[in-house]
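Just follow the structure's listing: the first ligand is 1, and inside any ligand the first atom is 1. Keep in mind that the numbers below use all heavy atoms, side chains included, and drop hydrogens, waters and symmetry copies. For clarity, every value in this text was computed on a predicted model and none was experimentally measured.
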Amino acid sequence: MYNQSMTVGVLSFQGDFAEHMDVLASMEVQAMEVRSLGDLKKVDALIIPGGESTVMAKFLEEEKMSREIAARVKQGMPILGTCAGAILLARKVMGKNSPKTLGLIDITVERNAYGTQHESFEALIKLKGKNIPVSFIRAPKITSTGKNVEVLARFRGVPVLVRQGNVIAATFHTEVQNATALHKLLHQLRHIL
Ligand code: GLN
């Protein structure tokens with residue numbers, strides 16, 4: 001159904017990478033788990049999943065991948081970060097013990113801004129006129145967006161899905177519901193950029 005020449009990589013050090021791989025498989029999109037610079041070279045787009053941003057940041061540093069990801073994104077590689085992934089894409093993270101981020105989208109985020117694991121919740125988000133079910137799991141809040149950042153969806157007035165060029169950040173998860181909306185957006189970037 002989708003353009004088979006595109007291989008989507010899922011950063012697979014930690015977090016819910018397997019769920020993203022499942023969604024991509026259900027869409028019949030070619031996908032591979034990415035754990036090294038060598039893997040990164042083989043993909044045309046990248047997803048940074050939810051999980052623990054501090055842990056993923058350490059792996060990225062150990063594998064010396066941060067600079068290469070930034071360079072690829074500057075060359076136009078589409079990238080999607082969800083939850084911890086959105087934190088890693090942000091220009092700035094508020095709060096102590098914040099991870100070193102890739103700084104690829106002009107947003108400021110506050111980690112764990114909706115509370116602890118117990119306060120995680122499901123909600124409906126309106127995207128392109130359609131309601132999609134999503135989960136906020138120890139989610140960050142986007143507290144400011146730069147002028148080049150487009151807000152694609154809000155929840156209770158707060159931006160939860162944003163885009164700057166080929167970079168998409170979502171503070172929620174959809175892969176838990178096996179929903180494809182975010183993955184479709186990433187795929188569409190190839191055609192609109
Ligand atoms: N609270 C996590 C962090 O700061 C993100 C949670 C998630 O990805 N579900 O990294």
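The protein heavy-atom contact nearest to atom 4 (O) of ligand 1 is Arg111 NE, 2.6 Å. Among protein heavy atoms, the minimum distance from atom 1 (N) of ligand 1 is reached at Asn112 OD1, 2.6 Å.
Listed by number with element, the atoms of ligand 1 under 4.0 angstrom from any heavy atom of Cys83 are 5 (C), 6 (C), 7 (C), 8 (O), 9 (N). Set against the non-hydrogen atoms of His173, the atoms of ligand 1 under 4.0 Å away are 7 (C), 8 (O), 9 (N). Here is the list of ligand 1 atoms found below 4.0 Å of a heavy atom in Ile87: 3 (C), 4 (O), 10 (O). Each of the atoms 3 (C), 4 (O), 10 (O) of ligand 1 lies under 4.0 Å from some heavy atom of Ser53. Residue contact check: Gly50 has heavy atoms under 4.0 Å from atoms 8 (O) of ligand 1. Those atoms of ligand 1 with a heavy atom of Gly51 less than 4.0 angstrom away are 2 (C), 5 (C), 6 (C), 7 (C), 8 (O), 10 (O).
A salt bridge does not link Lys58 to Glu52: none of the charged side-chain nitrogens sits closer than 4.0 Å to a carboxylate oxygen. Comment: Glu62 does not engage Lys64 in a salt bridge, judged by the lack of any side-chain N to carboxylate O separation of less than 4.0 angstrom. Salt bridge annotation for Glu110-Lys141: absent, with no cationic side-chain nitrogen under 4.0 angstrom from a carboxylate oxygen.
Every N/O-N/O distance between Thr54 and ligand 1 stays at or above 3.5 Å.
At a cut-off of 3.5 Å, with distance as the only test, no side-chain donor of Glu61 or Ser66 sits close to an acceptor on the other residue.
In Arg138, the parts holding a heavy atom less than 4.0 Å from any atom of ligand 1 are both the side chain and the backbone.
Put simply, the residue from Asp22, Val23, Asp16 that forms a side-chain contact (heavy atoms from CB on, under 4.5 Å) with His20 is Asp16.
The distance from atom CD1 of Ile47 to atom CG of Leu182, rounded to the nearest 0.5 Å, is 8.5 Å.
In this structure, of Val109, Val93, Ile137, Thr82, the residue bringing a heavy atom nearest to atom 9 (N) of ligand 1 is Ile137.
Phe13 and Phe59 have parallel rings, their planes meeting at less than 30° on a 0 to 90° scale where 60° marks the start of perpendicular. Using the six-membered ring where Trp is involved, Phe121 and Phe136 have ring planes that are parallel, under 30° apart on the 30 and 60° scheme.
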